[in-house]
Amino acid sequence: MNQKCLRCQLVFEQTIKWNDLWSLKRIFPEVVCEKCQSQFERCDVSQQIICRYCQHPIEQGDSCLDCQHWLKLYDDNYLQQESIYYYNAAFQEWIIDYKYHGDTRQAAVMLAILNDYYHKYKDYQWIILPSSPKSLQQRGFIPAEYLLQQAKIPYTLLLNYKGDGKKQAKKNKQERLALEQPFELNLKAKLSKNILIFDDVYTTGTTLMRAKQLLFQHGVNHCMSLTLARDLLV
């Protein structure tokens, strides 16, 4: 069956893998041609030396400077983090179209890989980070939440936003690291012992650290984070 690629708009022939047909996983049709898909660089097949915690490329040792900073403040339970792709040019173009231009059709590009990770971590309670009221009003949707909804991945709204409304993406590194607790627990939600926080991009990890801090303070045993991409620019 022919399909127009959601990224380059060229027509390509969709294929279905036999392994997918025999698996119990939900099957999402290909929406991106092979060439465009190959431009998304997976973290788990990186040939580089990477930080054992956040997958940032490093030249020596086993952890990056950001994670060394976090280990001075928290134990390594806070640093359980996995990213699917690196934030390269292909990912940047995709997230600009999806998150900032509001082209929600682009969510389909990530559904198959998200489904794979859901089966890997299906024993976790998946949650998202809430957007500020201003961001929600501007975009009309929460990007991470919309992806989970489209992928049919169950999630819980455990956190409420109480921050200053300033976007992390607009801050420099020192301002990001100085972020005060922007969340509060939704006391009406049921809290599991094992939680996975899903978000779009890992930069310094500050926002995720604040969320994990709050969850550990309320009795969570294990809390990891999963992001679509690891930003390499920091």
Side-chain angles (χ1 to χ4, degrees), residues 43-44 51-56 62-84 114-136 141-168 171 175-231:
C43 290
D44 59 358
C51 173
R52 62 180 293 195
Y53 299 110
C54 72
Q55 298 161 296
H56 193 288
D62 66 354
S63 59
C64 68
L65 293 177
D66 280 349
C67 287
Q68 291 174 28
H69 163 78
W70 291 125
L71 286 170
K72 293 176 183 176
L73 303 174
Y74 306 112
D75 64 55
D76 59 5
N77 287 325
Y78 282 77
L79 276 68
Q80 304 305 309
Q81 154 67 24
E82 189 167 346
S83 297
I84 300 173
L114 264 181
N115 191 47
D116 289 343
Y117 276 81
Y118 173 62
H119 282 271
K120 183 178 179 181
Y121 295 117
K122 63 183 177 182
D123 293 333
Y124 285 72
Q125 181 182 17
W126 287 49
I127 74 169
I128 58 164
L129 301 179
S131 294
S132 70
K134 184 178 180 180
S135 293
L136 187 56
F141 70 113
I142 300 175
E145 179 179 43
Y146 188 77
L147 283 165
L148 296 186
Q149 289 172 341
Q150 296 305 301
K152 309 297 183 189
I153 294 175
Y155 64 95
T156 307
L157 299 174
L158 268 184
L159 304 176
N160 297 324
Y161 183 83
K162 64 163 191 174
D164 57 12
K166 296 179 181 177
K167 295 180 180 178
Q168 283 291 88
K171 299 178 181 177
E175 290 172 331
R176 287 169 181 255
L177 291 172
L179 176 71
E180 295 185 0
Q181 180 57 265
F183 307 117
E184 61 185 8
L185 197 65
N186 176 5
L187 297 177
K188 295 180 180 178
K190 186 177 179 181
L191 197 62
S192 170
K193 294 295 183 185
N194 299 312
I195 288 180
L196 182 150
I197 305 172
F198 173 66
D199 202 11
D200 47 20
V201 178
Y202 183 102
T203 306
T204 63
T206 308
T207 309
L208 290 167
M209 288 296 173
R210 297 294 180 264
K212 290 178 181 180
Q213 185 179 34
L214 185 63
L215 294 169
F216 282 131
Q217 288 171 349
H218 285 80
V220 170
N221 286 340
H222 184 71
C223 182
M224 67 166 292
S225 46
L226 173 68
T227 60
L228 285 178
R230 176 57 169 106
D231 193 342

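Small disclaimer: the values here were computed from a predicted structure and weren't measured.
Side-chain N/O atoms of Gln149 and Tyr155 include a donor and acceptor closer than 3.5 Å. With no hydrogens or angles considered, a side-chain donor-acceptor pair links Glu82 and Tyr121 at under 3.5 Å.
Here the closest non-hydrogen pair linking Cys51 and Cys64 is SG-N, 3.3 Å. Of all non-hydrogen atoms in His56 and Asp231, the two that sit nearest each other are CD2-O, 3.9 Å. Across Asp200 and Pro143, no two heavy atoms sit closer than the pair OD2-CB, 4.5 Å.
Between the Gln125 side chain and the Lys190 main chain, a donor and an acceptor come within less than 3.5 Å of each other. Between the side chain of Gln80 and the backbone N or O of Asp76, at least one donor-acceptor pair lies under 3.5 Å. Judged by distance alone, with hydrogens and angles left aside, the side-chain atoms of Glu184 form no donor-acceptor pair with the main-chain N or O of Asn160 at under 3.5 Å. When atom types are taken as modelled, the side chain of Arg230 and the backbone of Cys43 share no donor-acceptor pair closer than 3.5 angstrom. At distances below 3.5 Å, at least one donor-acceptor pair connects side-chain atoms of Trp70 with backbone N or O atoms of Thr204. Judged by distance alone, with hydrogens and angles left aside, the side-chain atoms of Asn186 form a donor-acceptor pair with the main-chain N or O of Leu157 at under 3.5 Å. For Ser192 (side chain) and Asn194 (main-chain N/O), a donor-acceptor pair under 3.5 Å exists by modelled atom type.
With a 4.5 Å cut-off on side-chain heavy atoms, Thr206 and Arg210 count as touching. You'll find the side chain of Ser131 stays beyond 4.5 Å of the side chain of Tyr161, heavy atoms only. Using a 4.5 Å cut-off on side-chain heavy atoms (C-beta onward), Leu215 and Leu185 make contact. Between Leu228 and Val201, the closest side-chain pair of non-hydrogen atoms is not below 4.5 Å. The shortest side-chain heavy-atom distance between Leu191 and Leu158 falls under the 4.5 Å cut-off. Leu129 has its side chain out of reach of Ile142: every pair of non-hydrogen atoms, C-beta onward, lies at least 4.5 Å apart. For the pair Leu65 and Gln68, the minimum side-chain heavy-atom distance is below 4.5 Å. Considering only heavy atoms from C-beta on, Leu71 comes within 4.5 Å of Tyr53 through its side chain.
Residues passing the side-chain contact (heavy atoms from CB on, under 4.5 Å) test with Asp62, sequence neighbours excluded: Arg52.
Distance CD1/Ile128 to CG/Leu196: 12.5 Å, rounded to 0.5 Å. Taken from CG in Asp66 to OH in Tyr202, the straight-line distance is 6.5 Å, to the nearest 0.5 Å. The CD1 atom of Ile153 sits 8.5 Å away from the CG atom of Leu147 when rounded to the nearest 0.5 Å. Note that CG of Leu226 is 9.5 Å distant from CG of Asp199, once rounded to the nearest 0.5 Å.
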Take Phe216 and Tyr74 through the test ring pair (Phe, Tyr, Trp, His ring centres under 6.0 Å) and record every step on the way to the result. CA-CA 11 Å; Phe216 282 131; Tyr74 306 112; 9.0 Å; no

Side chain to side chain contact (heavy atoms under 4.5 Å, CB included) evaluation trace for Gln150 with Tyr146: CA-CA 6 Å; Gln150 296 305 301; Tyr146 188 77; 3.5 Å; yes

Residues Gln181, Leu214; criterion side chain to side chain contact (heavy atoms under 4.5 Å, CB included); working and verdict: CA-CA 8 Å; Gln181 180 57 265; Leu214 185 63; 3.9 Å; yes

Do Cys223 and Ile197 pass the side chain to side chain contact (heavy atoms under 4.5 Å, CB included) test, and can you show the C-alpha distance, the side-chain angles, and the key distance before you say yes or no? CA-CA 7 Å; Cys223 182; Ile197 305 172; 3.7 Å; yes

Side chain to side chain contact (heavy atoms under 4.5 Å, CB included) between Asp116 and Lys120: does it pass, once the steps are laid out? CA-CA 6 Å; Asp116 289 343; Lys120 183 178 179 181; over 6 Å; no

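Heavy atoms of other residues, nucleotides or ligands lying less than 6.0 angstrom from NZ of Lys152 number 12 at most.
Among residues at least two apart or in separate chains, side-chain hydrogen bond (donor to acceptor under 3.5 Å, both in side chains) pairs with a member in residues 216-228 are Gln81-Ser225, Gln81-Thr227, Ser83-Thr227, Tyr124-His222, Lys212-Ser225.
Classified by interplanar angle (parallel below 30°, tilted 30° to 60°, perpendicular above 60°), the ring pair Trp126/Phe198 is tilted.
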